[in-house]
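First the structure, in the form of structure tokens, and then the observations on it.
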Amino acid sequence: MSQDAYRLIGPDGTESEHAVLTGTTGPDVIDIANLYREQGVFTYDPGFVATGSCKSDITFIDGEDGVLLYRGYPVEQLAKHSNFIEVSYLLLHGELPTTQELEEFDRTIRLHTMLNEGMLQFFNGFRYDAHPMAILSAVVGSMSAYYHDTLDTSNPEERDIFAHRILAKLPTIAAAAYKLSIGQPFMYPRNDLNYTENLLQMLFSVPAEPYVMDEIAAEALDLLFILHADHEQNCSTSTVRMAGSSGANPYSAIAAGISALWGPAHGGANEAVLEMLEEIGTVENISKYVDKAKDRDDPFRLMGFGHRVYKNFDPRATIIREMAHKVLAQLDNPDTPMFDLALELEQVALKDEYFIEKNLYPNVDFYSGIIYKALGIPTDMFTVMFALGRSVGWAAHWREMIADPKGKISRPRQLYTGPPQRDYVLVDERG
Ligand code: SDX
């Protein structure tokens, strides 16, 4: 990386020099590691709006031009030509696989889809109406109890096994959570099916009769998983990197990422979009809710709109909108009122001065829920589906973080605004 420098002159005239680091593409960064030592101050950036937490080779986003690259490949090209397992190999290993590499990787993932039978007991302990994200986080966290002694994080092969287990077992855990919620028997994975076909049969097949594969659904889910696979230092991925930076068991770090993803400001937005559309109900109500979203005194936000990075459009939303059209058009009984409402809401919002001024456009979550709903997946499983796609991104970032020879524990500082030092007062002497 080429290096220039910023010179900082403090209020007392103290001068310091801070190196500029230039990446492959995108904004340069200022290395402030020496700031406190030389100027006696910290930076202050709540929510890390303008702060780079690490160097990464995995994913690049250009928020102005709506660019998303996985290891340099545009997500539009991967969506058109690739599949989720191949994209997973790319994210984990940095290069597209050869035919033999892809076959071996695919076989390896299929051979890791079963859970330890003891893990299945956990599901009986949850209430039938437990939120599946709570179950996913809990059961993935329990993987650290099963694999705590078989993971030497300094061993690349064991880091591979970790990634394989996460990628392969999350669909099985997700499907088991769904089966619990509907009182149906757990369905074991099948190694003769590909990743999304296997997920569909674990979700929707029953022992009482043969399962007829829905190829449209399998194709749509594969594309959705590609589009959700990674997104640089988003909230949940940063959580995985931070948790893993202490040397914690990586399965626990992934469980922490699942919890972070659950929030409605992040991956929980796809579930919140459908709830919002159901609340809006009709096209006639759209303007009332757009006005609520613009009212700073009203906590209501237009779920599925806005993004920390994309300030023009989310390239994934464009692809997903087109796929939503295709999926609904190919279904026998398309539930289009919700989709029609979403299309109209998007048009109204995109013409509204407030949304234009605030650069608020539909994001990845705005249309994905409509597709999940059309495929018969219940709303409370939408964020679980997001987690299945993002699992490989989390694993890739954990591997990059843990392999960094200069890596250190993530430990931000703060601006303290609490009480100045004061002496303890005995309870009898308090007012
Ligand atoms: C994902 O980071 C990632 O990459 C995330 C993700 C991924 O792949 O990992 O892309 C996935 O999480 C997509 C985002 C899903 N969340 C939602 O759809 C929830 C609704 N969106 C907002 O909560 C919000 O837009 C965020 C959280 C997505 C972004 O928030 P920021 O960047 O912190 O921006 P902000 O909250 O400071 O908003 C800037 C302004 C504010 O107004 P002012 O205070 O400047 O007057 O825009 C307003 C906000 O009030 N605003 C909205 C709005 N989003 C922002 N107003 C109404 N409706 C909205 N949706």
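Numbers for residues simply follow the sequence, beginning at 1. Atoms within each ligand, like the ligands themselves, are counted from 1 in listed order.
Crowding of F48 atom CZ: a count of heavy atoms from other residues, nucleotides or ligands under 6.0 Å not exceeding 12. Annotation: F42, atom CZ; neighbour count of heavy atoms from other residues, nucleotides and ligands within 6.0 Å is above 12. Under a cut-off of 6.0 angstrom, the local environment of OH in Y416 is crowded, with over 12 non-hydrogen atoms contributed by other residues, nucleotides or ligands. By the 6.0 Å contact criterion, OH on Y36 is open, its count of non-hydrogen atoms from other residues, nucleotides or ligands being 12 or less.
Of the protein's non-hydrogen atoms, A293 O, 3.6 Å is the one closest to atom 57 (C) of ligand 1. Regarding atom 48 (C) of ligand 1, its nearest protein heavy-atom neighbour is Y354 OH, 3.6 Å. At the shortest separation from atom 5 (C) of ligand 1 among protein heavy atoms lies H307 NE2, 3.6 Å. For atom 49 (C) of ligand 1, the closest non-hydrogen atom of the protein is R301 NH2, 3.2 Å. At the top of the distance list for atom 44 (O) of ligand 1, counting protein heavy atoms only, stands R296 NH1, 3.6 Å.
For atom 55 (C) of ligand 1, a protein heavy-atom neighbour is found at a distance under 4.0 Å. Note that atom 30 (O) of ligand 1 has no protein non-hydrogen atoms nearby, at separations under 4.0 angstrom. Inside a 4.0 Å radius of atom 51 (N) of ligand 1 there is at least one protein heavy atom. Under the 4.0 Å distance rule, the nearest protein heavy atom to atom 34 (O) of ligand 1 falls outside the cut-off. When distances from atom 26 (C) of ligand 1 to the protein are checked, no heavy atom turns up under 4.0 Å.
Of the polar atoms of L360, none of the N or O atoms is found under 3.5 Å from an N or O of ligand 1, judged by distance alone. Looking at ligand 1, you'll find an N or O of R390 within less than 3.5 Å of one of its N or O atoms. Considering both main-chain and side-chain atoms, H231 comes within under 3.5 Å of ligand 1 through a nitrogen or oxygen pair. Any N or O atom pair closer than 3.5 Å counts here, and L302 shares at least one such pair with ligand 1. For the pair F305 and ligand 1, the shortest N or O to N or O distance falls below 3.5 Å.
Residue contacts with ligand 1 leave out G47, since none of its heavy atoms falls under 4.0 Å from the ligand. Residue V309 places every heavy atom at 4.0 Å or more from ligand 1. Judged by the shortest distance from any of its heavy atoms, R316 lies inside the 4.0 Å radius around the atoms of ligand 1.
Applying ring-ring contact (aromatic ring centres under 6.0 Å, His included) to F84 and the options F225, F105, Y89 leaves one that passes, F225. Checking T282, V283, I280 one by one against E344, the side chain to side chain contact (heavy atoms under 4.5 Å, CB included) holds for a single residue, V283. Among the candidates Y310, Y70, F60, the single residue satisfying the ring-ring contact (aromatic ring centres under 6.0 Å, His included) test with H231 is Y310.
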Residues D291, K288; criterion salt bridge (Lys or Arg N to Asp or Glu O under 4.0 Å); working and verdict = CA-CA 5 Å; D291 290 341; K288 180 177 79 172; over 6 Å; no
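Checking T237, N363, D365, D230 against atom 1 (C) of ligand 1, the nearest heavy atom belongs to D365. Around atom 42 (O) of ligand 1, the closest heavy atom drawn from K358, M303, H228, K292 belongs to K358.
The pair D295-K292 does not meet the salt-bridge criterion, since no charged nitrogen lies less than 4.0 angstrom from a carboxylate oxygen. Using a 4.0 Å cut-off between charged side-chain N and carboxylate O, R190 and E197 make no salt bridge.
Atoms of ligand 1 lying under 4.0 Å from any heavy atom of G304, numbered from 1 in the order shown and given with element: 17 (C), 18 (O). Listed by number with element, the atoms of ligand 1 under 4.0 Å from a non-hydrogen atom of A269 are 15 (C), 16 (N), 17 (C), 18 (O). Residue-ligand proximity, A265 to ligand 1, at heavy-atom distances under 4.0 Å covers atoms 12 (O), 14 (C), 15 (C), 16 (N), 27 (C). Within the listing of ligand 1, atoms 2 (O), 3 (C), 4 (O), 9 (O) sit less than 4.0 angstrom from a heavy atom of N234. Applying the 4.0 Å criterion to heavy atoms of P264 picks out, from ligand 1, the atoms 16 (N), 19 (C). Counting the atoms of ligand 1 from 1 in the order shown, those under 4.0 Å from a heavy atom of G306 are 25 (O), 28 (C). For ligand 1, the atoms closer than 4.0 angstrom to any heavy atom of R308 are 29 (C), 31 (P), 32 (O), 33 (O).
Between W262 and H131, the ring-plane angle classifies as tilted under the 30° and 60° cut-offs. Between Y188 and F186, the ring-plane angle classifies as perpendicular under the 30° and 60° cut-offs. Note on ring orientation: taking the six-membered ring where Trp is involved, the planes of H325 and F339 are perpendicular (angle over 60°, cut-offs 30° and 60°). Ring orientation note: the planes of F366 and F305 are nearly perpendicular, at an angle over 60° on the 30°/60° scale.
Taking the six-membered ring where the residue is Trp, the centroids of H228 and F386 are separated by under 6.0 Å.
The side-chain tip of R165 points at the ring of Y147 from less than 6.0 angstrom away and within 45° of straight on.
Using a 4.0 Å cut-off between heavy atoms, Y310 makes no contact with ligand 1 at all.
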